[in-house]
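Below: one structure, written as structure tokens.
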Amino acid sequence: MGFLAFILLGLIAGAIAKLILPGRQGGGWIATLVLGVIGALLGGWIGGAVFGVGYDGFFSIQSWIIAILGALVVLVIYGFIVGRKGSRA
């Protein structure tokens, strides 16, 4: 998969993860989209290392599931970090 297709996949996966994840996360849509790209990278790495699956192509359902799950994980971790930091003040 090309670099631009991978970035687009991460951006869309981040937006979908934002819609799936309940509640309000800080950072807005731009941060969510950036975290989506990071999540797509994380999902691809974990999918390849643990389960032996990877990105087959932009239109592969397997690629979308990996990217969305990775984006959800990154958004949850980001929510915990930002939530804890905000509750201390």
Side-chain angles (χ1 to χ4, degrees):
M1 184 165 31
F3 180 73
L4 292 177
F6 185 77
I7 296 295
L8 181 63
L9 174 68
L11 292 173
I12 295 171
I16 292 171
K18 178 76 169 183
L19 292 173
I20 292 173
L21 201 61
R24 280 184 27 170
Q25 295 82 26
W29 279 97
I30 294 175
T32 302
L33 295 177
V34 170
L35 291 172
V37 173
I38 294 169
L41 284 169
L42 177 70
W45 180 73
I46 291 174
V50 176
F51 302 112
V53 297
Y55 294 110
D56 290 335
F58 186 77
F59 294 106
S60 168
I61 190 70
Q62 177 178 330
S63 297
W64 285 95
I65 291 171
I66 290 172
I68 292 169
L69 289 177
L72 283 170
V73 168
V74 170
L75 283 175
V76 166
I77 292 170
Y78 178 75
F80 282 136
I81 291 170
V82 171
R84 287 184 184 164
K85 186 189 281 186
S87 65
R88 290 183 188 168

> Rounded to the nearest 0.5 Å, how far apart are CD1 of I12 and CD1 of I7?
Replying inline: 12.0 Å
>> Under the rule for side-chain contact (heavy atoms from CB on, under 4.5 Å), what residues qualify as partners of L72, not counting sequence neighbours?
In response: A17, I20, L21, I68, L69
> Rounded to the nearest 0.5 Å, how far apart are CG of L42 and CD1 of I77?
Replying inline: 7.0 Å
>> For a quick test of reading the model, state the closest non-hydrogen atom pair linking G36 to A71 and the distance between them.
In response: CA-CB, 4.0 Å
